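Report on the structure given below.
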Amino acid sequence: MRIEVLGKGAVDLADGARYGDLVEKLALADVLAVAVGDRILELFRPVEAGQVRLLTFADPDGRRVFRHTAAHVLAQAVKRLYPEAKLAIGPPTEDGFFYDILFADPIGPADLARIGEEMEQVVAEDHPLQRQEISREEALADFQRADEPFKLQLIEALPQDALITTYSQGEFTDLCRGPHLVRTGLIKALRLTSVAGAYFRGNDQGPMLQRVYGTAFPTVEELERHFFLIEEAKRRDHRRLGPELDLFSFHDVAPGFAFWHAKGLILYETLVAFSHSLQQPLGYQEVSTPWIFKTELWETSGHAAHFKDNMFLMEAEDEAFGVKPMNCPGHCLLFKEATRSYRELPLRYAEYGPLTRRERSGTLHGLLRVRGMHQDDTHTFLAPEQIEQVVTEALGLVDAIYQTFAMPIEIHFSTRPEDHMGEEALWDRAESALEAVLQAGGRPYVTDPGEGAFYGPKLDFVATDALGRRWQVATIQLDFQLPIRFDLHYIDREGKEKTPVMVHHAIMGSLERFIGVLVEHFAGAFPLWLAPIQVRVLPISEKEHQAAKELAATLRLDGVRAEVDDRNEKVGWRIRAAEQDKVPYVAVIGQREVEAKTASVRERGGRDLGALGHEAFARKLKDHIAARWPGPGHLVDPAD
RNA sequence: GCUGACGUAGCUCAGUCGGUAGAGCACCUGCAUGGUAAGCAGGAGGUCCCCGGUUCGAUCCCGGGCGUCAGCUCCA
């Protein structure tokens, strides 16, 4: 038979051949599994009709197959060491795998080493994997006999007509739909990383299992690189760098609320100014609305019914109030203050003020998950035929901002959740409008069914940072509900009352989260335009203190954030301090520079830019700040 | 919110098998006036998270609370 292989052309195979024979014929040692249509198949499966895609570890699907088998190796090792342990589920994850297990006695981190050694043993034994299709009755009987209660629950939850399969390796058999590697020996490098609590099927009423995490790679080198990246992520952790760089802090008596220090507030204000500079030309008007409203407003908006658990509620003079978690209801009241004409649409409000959400205590995480935040929040009231224009402009804002930080973005289209309000027909209309814009822009996107807000479908944006980590940041949400709930109208061309549509968007998202992400993305070494201190002037000795102060004052007059470090320490010590503070430029002033009216400029990282005249230095700094240059670097071109 | 671990100087962390504690860095002072990532010397700094219990005595053991961390769930 003749099989079409993606990227390899047609291959002739004997009848009854398996995919492993195909891979062997092509002499490709690193193929782990194959994809035929939307199915992923093991190499031991007989060849079927249809074009074949070869999956290696470089392919996300191949990686999942590899680590799924690693999860089985973990389960096998655990059952050898703890025969009484009960297995739940063991899937691959983005960068590893886990297995949820109920141990008779909880295990601790110290037990991981022992389990890891047994896993190495299972790998060394190089068991071939086998797949069995079994009937529902057989499955129930098998796992009854094996005394695996969670597996029985899983089988019972399967649809009556589901194909039930098990996979075996050596003495170990697991309920699993696969697919898997063909041999355990392919897992050349693995490590268990942690153990944590997890509920069976995420049900916090059920038993708490222990989730054992690990990761696996085809080579030791890849495993080591993985852990290097984890170390690098720790080094960049904004919770460490933030206080270290004097940007922000937290206090036990205000969990989830940041103290913004002077240097951190510079980041905040610079980003808000950047946002404003992009949005103001599109007609967004910055406003400020109340932050505490009577419950009546939250009932109108629907927050009382759908968001109450996430709000701080309070009482004063026998009246119930709620602190705002979002700006939209306030902006609706603003819209309603006058009779609006179609000529005013799209009417756009922007607000950067504080929002408060009562996030559950266990979810708080530095700046990335807070209770007190500021968003680059906007609400646009528009006529239905303007949806495309407004959403397209918002997509342009996303591009402008994330390109500035060289962060690629991924678009998620989230559709109606179970807990939603409004008619199905309106939801259909909103969802198809968003999809139409995405398709018109020809952008790739993924659909997340059921992930929309309770008032409308949305586009969520995931940014990738310098370490390849992904962060949920921007959101653009379409809303047909709030205008109805607030009974909003505009007068159209024919003089008739019409209901406007709303678009909510936050492009940086929460400034708190965004700054947290940027701290990690840049490892605290911000580009010049964002850096809280842009230049540190460093006199060699007391004789140059005055000249240093004068240079700093001159730079400050040009809008450059410059300061003098005249501490009683040697130059080397102060250079090191500037480097640790991640200051983009150090301007050293000694006797030579005083006489020549120059400064010797050192770039963050160590490059010596030589002596620059004061005016030339200031001009270059100003230009690069205005251009939001992603540097440091390039302040002086080699050609200069 | 749930499960588990943790909470000692500004930071990173030792330590006390129950007898009120220590290092490095940072900070302050003095000497040294310095040339691109750590000069030398000295000093100050602690409610050992909070509240209760056990004990002659608790930072240490027990209980509760708060916070942090890792997960679960949720999300900007």
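Note on naming: letters A, B, ... go to the chains in the order of the sequence lines (proteins, then strands), and numbering restarts at 1 for each one. Since the structure is predicted, the reported quantities are computational estimates derived from the model, not experimental observations.
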**Complete:** With sugar-phosphate taken as primed atoms, P, OP1 and OP2 and all else as base, the protein-contact string of nucleotides 36-45 of chain B at under 4.0 Å (heavy atoms; B, S, -) is BBBB------

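Ion pair A:Arg536/A:Glu563 flagged as a salt bridge, since at least one NZ, NE, NH1 or NH2 atom sits closer than 4.0 Å to an Asp/Glu carboxylate oxygen.
Regarding A:Gln210, its CD atom lies at a distance of 12 Å from the C1' atom of B:A5, rounded to whole Å. Rounded to whole angstrom, the span from the CG atom of A:Asp100 across to the P atom of B:G4 amounts to 16 Å.
Of the residues in residues 502-521 of chain A, those placing a heavy atom less than 4.0 Å from an atom of RNA chain B are A:Gly509, A:Ser510, A:Arg513, in numerical order. Of the residues in residues 542-549 of chain A, those with a non-hydrogen atom less than 4.0 angstrom from any atom of RNA chain B are A:Glu542, A:Lys543.
Side chains of A:Glu593 and A:Ser600: a donor on one and an acceptor on the other come within 3.5 Å. Under the 3.5 Å distance criterion, with hydrogens and angles disregarded, no donor-acceptor pair is assigned to the side chains of A:His420 and A:Glu418.
Within the 4.0 angstrom heavy-atom criterion, base atoms lie near A:Arg369. Among the protein residues, A:Arg574 comes within range of no part of the nucleic acid, since none of its heavy atoms lies under 4.0 Å from any strand. Residue A:Glu244 is classed as having no contact, given no heavy-atom separation below 4.0 Å to the nucleic acid. Across all strands shown, A:Tyr213 has heavy atoms under 4.0 Å from sugar-phosphate atoms exclusively, and none from any base. The residue A:Arg567 sits close only to the backbone: its heavy atoms come under 4.0 Å of sugar-phosphate atoms, none of a base.
Of the candidate nucleotides B:G1, B:G67, B:A76, B:A76 has the atom nearest to the side chain of A:Gln477.
For the P atoms, the distance linking B:U20 with B:A37 amounts to 47 Å, nearest Å.
Of the side-chain N and O atoms in A:Tyr352, none sit less than 4.0 angstrom from OP1 or OP2 of B:A76.
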